[in-house]
Colleague: 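Pasting a structure below so you can have a look.
So that the names make sense, note that chain A is the first sequence line, chain B the second, and so on, each numbered from 1.
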2 protein chains.
Amino acid sequence: MAEQAEGFRRSREARRNALTDDYVEMIADLIATDGEARSVDIACRFGVTQATVAKTILRLKREGLVAAERYGALHLTDSGKAKAADARARHQVVVAFLKRIGVSPDIAERDAEGIEHHVSEETLAAFARLSG
Amino acid sequence: MAEQAEGFRRSREARRNALTDDYVEMIADLIATDGEARSVDIACRFGVTQATVAKTILRLKREGLVAAERYGALHLTDSGKAKAADARARHQVVVAFLKRIGVSPDIAERDAEGIEHHVSEETLAAFARLSG
DNA sequence: TTGAAATGTTAGCTATGGCTAAGTCGAAGA
DNA sequence: TCTTCGACTTAGCCATAGCTAACATTTCAA
Ligand SMILES: [Mn+2]
Ligand SMILES: [Mn+2]
Ligand SMILES: [Mn+2]
Ligand SMILES: [Mn+2]
């Protein structure tokens with residue numbers, strides 16, 4: 001009973017943290033590929049408006065994951081970088097695993113975008129082991 | 001670009017529908033095991049308050065998935081039943097697959113609770129194929 | 001150099017999903 | 001029967017995540 005509730009609690013928790021992880025991962029990605037992360041590119045890649053990005057970035061700053069001066073590019077704090085690295089690693093493992101079991105690359109990428117937020121260490125280890 | 005945005009759109013969509021699926025699945029489960037679904041039991045199993053359940057049930061009624069008279073037990077409409085059956089099937093496949101690749105039963109159950117909402121037909125088919 | 005376009009910010013709206021507190025109803029026991 | 005206790009509802013709070021519209025700043029090209 002309490003055990004089942006615990007499972008749902010974790011699931012809700014993961015859902016709450018999913019967007020945060022996607023943002024820090026995206027910011028790290030943009031910095032890696034474009035040299036810097038701008039709100040407009042985040043908005044474009046996520047398919048939301050710049051206003052939505054602005055509001056979320058405010059929260060991430062409040063949470064100490066992102067730093068930026070007004071009208072400037074976005075940076076990750078140390079804890080932001082750590083979270084991004086973790087998110088990226090998970091993403092890679094999940095995508096590689098899905099492809100490995102025969103899911104087509106584009107579908108693997110799409111599904112991984114959601115699945116990555118709900119994979120425990122144990123499951124992630126199983127995925128990694130089985131994909132190489 | 002637009003393709004990546006599409007992936008995130010789907011992921012957000014799945015996130016929005018996750019709670020709905022969990023509710024109809026839970027209601028079907030309770031009807032199957034207890035003979036009827038009561039709000040108090042849903043609240044207990046999800047680990048939330050009855051007030052939270054009441055508000056969500058209002059939405060599900062509005063969406064035509066759940067029916068009930070005041071102070072009465074909850075019922076699923078035909079479309080609610082269809083959605084519940086689908087959710088249950090996904091849940092089973094994901095749990096079975098995770099166990100099959102060596103994830104311990106309790107962790108498999110927990111992870112599946114989140115993963116089930118992000119698995120495309122193609123990935124679900126791959127899971128099913130590989131676990132039996 | 002200056003004005004237009006791109007980018008970023010802010011205000012304010014909606015809907016959702018949590019919560020507590022307070023009230024209402026109904027069924028079971030004294 | 002009557003009371004009481006468990007179950008349900010409702011009101012109202014907060015935070016998040018989306019949106020549009022309006023405004024501010026920066027950048028770029030003429
Ligand atoms: Mn993701
Ligand atoms: Mn990702
Ligand atoms: Mn679930
Ligand atoms: Mn489920």
Colleague: Output the rounded distance in Å from CZ (A/Arg9) to P (C/dG17).
Modeller: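 My rounded result for the distance is 17 Å.
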
Colleague: To the nearest Å, give me how far apart CG (B/Asp22) and C1' (C/dG18) are.
Modeller: 15 Å

Colleague: Which whole-number value in Å describes the distance from A/Asn17 CG to D/dA15 C1'?
Modeller: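 Computing the A/Asn17:CG to D/dA15:C1' distance gives 14 Å.
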
Colleague: How close or far is atom P of D/dC8 from atom CD of B/Glu36, stated in whole angstroms?
Modeller: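 That distance rounds to 9 Å.
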
Colleague: Tell me: CD1 of A/Ile42 to P of D/dA17, nearest whole Å?
Modeller: 14 Å

Colleague: With a 4.0 Å cut-off on N to O distance, would you call B/Arg15 and B/Glu13 a salt bridge?
Modeller: no

Colleague: Output yes when at least one side-chain N/O atom of B/Arg12 is less than 4.0 Å from OP1 or OP2 of D/dA17, else no.
Modeller: no

Colleague: Could you encode protein contacts along nucleotides 6-15 of chain C as a string, one character per nucleotide from 5' to 3', using B for base contact, S for sugar-phosphate-only contact and - for no contact, with a heavy-atom cut-off of under 4.0 Å?
Modeller: -SBSB-BB--

Colleague: Does the plane of the ring in B/Phe46 sit parallel, tilted or perpendicular to the ring in B/Tyr23? Use 30° and 60° as the thresholds.
Modeller: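 Because their plane-to-plane angle lies in the 30° to 60° range, the rings of B/Phe46 and B/Tyr23 count as tilted.
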
Colleague: Is there a path of hydrophobic side-chain contacts, each under 4.5 Å between heavy atoms, that joins B/Met26 and B/Val94?
Modeller: no

Colleague: For D/dC19, does either OP1 or OP2 sit under 4.0 Å from a side-chain N or O belonging to A/Thr52?
Modeller: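 It does, given that an N or O in the side chain of A/Thr52 lies less than 4.0 Å from OP1 or OP2 of D/dC19.
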
Colleague: Starting at CG of B/Leu60 and ending at P of D/dT9, how long is that distance when rounded to a whole Å?
Modeller: 13 Å

Colleague: Start with the C-alpha distance between A/Asp29 and A/Arg88, add both sets of side-chain angles, then the distance that settles salt bridge (Lys or Arg N to Asp or Glu O under 4.0 Å), and finish with yes or no.
Modeller: CA-CA 9 Å; A/Asp29 256 26; A/Arg88 179 184 194 71; 2.7 Å; yes

Colleague: Return the value, rounded to whole Å, for the distance between atom CZ of B/Arg16 and atom P of C/dG17.
Modeller: 10 Å

Colleague: Taking all non-hydrogen atoms of both residues into account, name the closest pair between A/Asp111 and B/Ser120 and its distance.
Modeller: OD2-OG, 2.6 Å

Colleague: Can A/Asp21 and A/Arg90 be said to form a salt bridge (Lys or Arg N to Asp or Glu O under 4.0 Å), step by step?
Modeller: CA-CA 10 Å; A/Asp21 290 345; A/Arg90 275 166 193 281; over 6 Å; no

Colleague: For the pair made of CZ in B/Phe8 and P in D/dG18, what is the distance, rounded to whole Å?
Modeller: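 Going from B/Phe8 (CZ) to D/dG18 (P), I get 12 Å.
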
